[in-house]
Number of protein chains: 2
Amino acid sequence: MRRDVFQAIADPTRREIINMIAHHPLNVNAVAENFEVSRTAIYKHIKMLTECGLVVITQFGRERYCEARLERLTEVSDWVEQYRRIWSERFENLENYLDELETKKKRPGKRK
Amino acid sequence: MRRDVFQAIADPTRREIINMIAHHPLNVNAVAENFEVSRTAIYKHIKMLTECGLVVITQFGRERYCEARLERLTEVSDWVEQYRRIWSERFENLENYLDELETKKKRPGKRK
DNA sequence: ATTTAATGCAACCCAAAGGTTGCACAAATA
DNA sequence: TATTTGTGCAACCTTTGGGTTGCATTAAAT
């Protein structure tokens with residue numbers, strides 16, 4: 001099953017999990033203990049995070065340590081950053097753009 | 001209904017809509033024409049985008065222009081950026097961290 | 001050898017997501 | 001005035017998401 005990083009970080013619980021293991025790995029139960037929901041629910045979230053590469057699991061005996069692969073967030077970072085320039089420029093141009101559009105199409109100036 | 005920006009950009013169609021109107025506003029039908037799915041489906045996506053502030057609509061006569069409010073992406077940007085330092089540092093420390101953990105807990109060195 | 005973690009996962013549930021068709025309605029146009 | 005165009009939205013359907021309980025399995029601890 002191919003998972004999407006954007007979808008993975010859409011859920012607040014998963015974002016919290018990432019935050020929790022960002023600095024050091026934790027085993028599955030340790031992660032689950034920090035939430036109200038069941039271990040299985042957390043297990044599923046972690047599974048999804050591994051499916052899109054945001055988390056990698058290393059087993060030690062019966063414990064499985066979850067480690068965050070934060071580099072995978074570059075996909076998100078890149079997507080957002082491509083718009084950064086636009087959103088600075090945009091602010092001053094919007095009104096002009098709409099006025100221009102209005103004139104071109106000969107629409108009444110009234111904006112409801 | 002309060003919507004989450006993270007959830008809004010989770011859907012690939014919505015990300016495409018944002019991309020489509022990032023440079024200049026488009027009316028609802030114009031956006032919809034670029035997709036295979038129905039106008040209603042796109043309408044719903046746009047509605048959701050407005051609910052979380054990523055899109056603002058300005059009406060001209062019977063047309064409604066959708067404009068991207070890209071600044072709202074700072075929430076995403078900020079969240080991702082907080083991890084950037086960690087993911088550079090992390091790479092070299094992981095093995096050490098795990099070894100340390102191993103030693104402390106007196107676990108066998110075998111990593112399956 | 002028993003018992004006690006730590007875990008994976010099937011089998012369910014219910015709500016939400018994403019899609020469709022169809023209809024209503026106001027603005028622009030013939 | 002009659003018609004076309006752009007739009008909102010209800011009603012419906014199916015899939016996915018996030019949650020639960022319960023059971024099996026394996027490693028560690030008694």
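In this text, all values refer to a predicted model and were calculated from it rather than measured experimentally. Quick note on labels: first sequence line is chain A, next is B, and so on, each numbered from 1.
- For the pair B:Arg64 and D:dG8, the criterion of a side-chain N or O lying under 4.0 Å from OP1 or OP2 is met.
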What pairs of donor and acceptor atoms, side-chain ones from residues 29-46 of chain B against any protein atom, are under 3.5 angstrom apart with sequence neighbours left out?
| residue | atom | partner | partner atom | Å |
| --- | --- | --- | --- | --- |
| B:Asn34 | ND2 | B:Ala30 | O | 2.9 |
| B:Ser38 | OG | B:Ala41 | N | 3.2 |
| B:His45 | ND1 | B:Arg14 | NH1 | 3.0 |

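- By the side chain to side chain donor-acceptor pair (under 3.5 Å) test, A:Arg15 is found to be paired with B:Asp4, residues two or more places apart in sequence or in another chain being considered.
- Scored by the salt bridge (charged side-chain N to carboxylate O under 4.0 Å, His left out) test, A:Arg62 finds no partners at all (sequence neighbours excluded).
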Between protein and nucleic acid, restricted to nucleotides 3-5 of chain C and to nitrogen or oxygen atoms under 3.5 Å apart, what atom pairs and distances do you find?
| residue | atom | partner | partner atom | Å |
| --- | --- | --- | --- | --- |
| C:dA5 | N3 | A:Arg62 | NH1 | 3.2 |

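- The shortest distance between the side-chain N/O atoms of A:His45 and the OP1/OP2 oxygens of D:dG17 is not below 4.0 Å.
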Applying side chain to side chain contact (heavy atoms under 4.5 Å, CB included) to A:Gln59 and A:Ile57, what does each step give before you reach the verdict? CA-CA 6 Å; A:Gln59 182 155 358; A:Ile57 294 189; 5.6 Å; no

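- A:Val80 is not listed as a side-chain neighbour of B:Val80, based on a closest heavy-atom distance of 4.5 Å or more.
- Residues forming a side chain to side chain donor-acceptor pair (under 3.5 Å) with B:Asn19 (at least two apart in sequence, or on another chain): A:Tyr83.
- Whole-Å rounding puts the A:Lys47 NZ to C:dA10 C1' distance at 11 Å.
- Rounded to a whole Å, the CD1 atom of B:Ile46 is 13 Å from the P atom of D:dC9.
- Here the P atom of nucleotide D:dG8 and the CG atom of B:Leu49 are 13 Å apart, to the nearest Å.
- Phosphate contact (OP1/OP2 of C:dT7, side-chain N/O of A:Tyr43, threshold under 4.0 Å): absent.
- Remark: A:Glu81 engages A:Arg84 in a salt bridge (charged side-chain N to carboxylate O under 4.0 Å, His left out) (not counting sequence neighbours).
- Residue B:Glu36 contributes atom CD, which lies 16 Å from atom C1' of C:dG18 at whole-angstrom precision.
- Taking the side chain as every heavy atom from C-beta outward, B:Trp79 and A:Val76 never approach each other to under 4.5 Å.
- Contact check, B:Ser38 against C:dG19: no side-chain N or O comes under 4.0 Å of OP1 or OP2.
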Pairs under 3.5 Å (N/O, protein and nucleotides 12-17 of chain C):
| residue | atom | partner | partner atom | Å |
| --- | --- | --- | --- | --- |
| C:dA17 | OP1 | B:Arg3 | NH1 | 3.2 |
| C:dA17 | OP1 | B:Gln7 | NE2 | 2.9 |

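- With a 4.5 Å cut-off on side-chain heavy atoms, B:Phe6 and B:Glu75 count as touching.
- The OH-P distance, from B:Tyr65 to D:dG6, rounds to 10 Å in whole Å.
- In this structure, A:Arg39 places its CZ atom 13 Å from C1' of C:dA10, rounding to the nearest Å.
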